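Quick note: numbers below take in every heavy atom, side chains included, and nothing from hydrogens, waters or symmetry partners. FYI, the numbering just counts along the sequence from 1. Being a predicted model, the structure only gives us computed values, none of them experimental.
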Amino acid sequence: QIHVSAIFKLHIKPEIQIKEQHSKDFLCMRDHNIFVTIAIPFYNSECFLADAIQSVVNQTYINWELLLMDDNGTDGSRKIAEKFAAKDKRIRLVSDNENHGLPSRLNESVELAKGEIYVRMDDDDIMVADRVETQVEYLLEHPDVDVVGASAMIIDDKIILYVPLI
């Protein structure tokens, strides 16, 4: 099964939209001016969740919030999320002790998002360290684009890496 994560523009304010006459220096991501919301809905994912969250923490782009959307699983996933949220103020655990399913949690995360750009990933995904920076930069350089995606590398239970041809 191939998982494709996406990054979306939410409501880019007109004053920060890129104009063609601006120099490339304006696009330098080192400043990380755009606030990004990353959302991970999770349910019974204690085997993968810590790695997924750590891959967000390891991003080269640092101006983000992470919404951990708890769908009330029965394993230790919530405890893992609580530990990360306690260590990093950018991480927020959203938990209501109810199970609503993935579509509902994704919609909820969009409503709670404070970022100008929204990134979503699954609880068993791992982001490469420059994913957010690369995709935000692409969106800024291409104001006519609203959605970008990512390819996937799949690791099976024997730790064999598969890179699907898309």
Side-chain angles (χ1 to χ4, degrees), residues 1-13 34-136 138-139 145-166:
Q1 186 176 24
I2 297 175
H3 297 280
V4 177
S5 298
I7 182 169
F8 303 89
K9 287 182 190 174
L10 285 181
H11 40 65
I12 299 293
K13 298 174 185 163
I34 304 296
F35 189 60
V36 173
T37 294
I38 303 166
I40 303 176
F42 66 91
Y43 177 82
N44 287 347
S45 59
E46 73 179 340
C47 292
F48 306 105
L49 187 59
D51 290 333
I53 297 169
Q54 189 62 53
S55 76
V56 174
V57 172
N58 293 344
Q59 288 298 297
T60 57
Y61 194 91
I62 58 172
N63 193 17
W64 51 260
E65 68 171 341
L66 173 60
L67 300 178
L68 297 174
M69 308 300 296
D70 179 18
D71 205 30
N72 200 32
T74 57
D75 67 358
S77 299
R78 184 179 304 159
K79 291 281 185 208
I80 294 167
E82 287 170 347
K83 286 180 185 177
F84 276 92
K87 289 191 290 188
D88 192 324
K89 66 181 181 178
R90 299 173 297 176
I91 300 174
R92 184 167 33 136
L93 173 60
V94 179
S95 184
D96 60 9
N97 296 317
E98 295 181 18
N99 178 262
H100 294 287
L102 180 62
S104 177
R105 294 301 177 191
L106 288 172
N107 289 335
E108 183 182 8
S109 70
V110 170
E111 290 173 16
L112 294 171
K114 296 177 183 173
E116 296 173 68
I117 293 179
Y118 175 87
V119 177
R120 96 38 109 243
M121 65 183 278
D122 291 325
D123 54 8
D124 62 349
D125 289 353
I126 298 172
M127 285 195 213
V128 294
D130 66 344
R131 174 195 170 189
V132 173
E133 184 163 22
T134 300
Q135 291 182 321
V136 168
Y138 185 87
L139 286 171
V145 175
D146 291 324
V147 178
V148 294
S151 61
M153 292 184 283
I154 300 165
I155 303 171
D156 69 11
D157 60 346
K158 297 174 186 71
I159 315 299
I160 296 174
L161 180 67
Y162 299 93
V163 180
L165 299 174
I166 298 176

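- Salt-bridge annotation for Arg105 and Asp96: present, with a side-chain N of the basic residue lying under 4.0 Å from a carboxylate O of the acidic one.
- Note that CG of Asp71 is 10.0 Å distant from CG of Leu106, once rounded to the nearest 0.5 Å.
- Sorted by first then second residue, the side chain to side chain donor-acceptor pair (under 3.5 Å) pairs that include residues 47-59, not counting sequence neighbours, are Gln54-Asn58.
- When Ile38, Leu67, Val56, Leu66 are each tested for a side-chain contact (heavy atoms from CB on, under 4.5 Å) with Ile91, only one passes: Leu66.
- Residue Leu93 comes nearest to Ala81 through the heavy atom pair CD1-CB, 3.8 Å, listed as atom of the first residue, atom of the second, then distance.
- Glu46 and Gly76 make their closest contact through OE1-N, 3.1 Å (heavy atoms, listed as atom of the first residue, atom of the second, distance).
- Glu65 contributes a side-chain N or O that, together with a main-chain N or O of Lys114, makes up a donor-acceptor pair within less than 3.5 Å.
- Annotation: the span from Ile53 atom CD1 to Met121 atom CE amounts to 9.0 Å, rounded to 0.5 Å.
- Expressed to the nearest 0.5 Å, how far CG of Leu68 lies from OG of Ser77 amounts to 10.5 Å.
- When all heavy atoms are compared, the tightest approach of Ser109 to Tyr118 is OG-OH, 2.6 Å.
- Atom CD1 of Ile40 sits about 10.0 Å away from atom CZ of Arg120, to the nearest 0.5 Å.
- Side-chain contact between Leu139 and Val145 is present, with at least one heavy-atom pair separated by less than 4.5 Å.
- Of the possible donor and acceptor atoms, none in the side chain of Asp122 sits under 3.5 Å from a partner among the backbone N and O of Asp124.
- Between Thr60 atom OG1 and Arg131 atom CZ the span is 12.0 Å, to the nearest 0.5 Å.
- A donor-acceptor contact shorter than 3.5 Å is absent between the side chain of Asp70 and the backbone of Asn97.
- Between the side chain of Asp123 and the backbone N or O of Tyr43 there is at least one donor-acceptor pair closer than 3.5 Å.
- Residues satisfying the ring-ring contact (aromatic ring centres under 6.0 Å, His included) criterion with Tyr138, sequence neighbours excluded, are His142.
- The two residues Trp64 and Val57 come nearest to each other via the heavy atoms CZ2-CA, 3.8 Å.
- Asn44 places a side-chain N or O within 3.5 Å of a backbone atom of Thr74 that can act as its donor or acceptor partner.
- Minimum interatomic distance between Tyr61 and Phe35 (heavy atoms only, all atoms of both residues): OH-N, 4.4 Å.
- Between Pro41 and Leu102 the shortest heavy-atom distance is CG-CD1, 3.5 Å.
- A side-chain donor-acceptor contact under 3.5 Å links Asn72 and Arg78.
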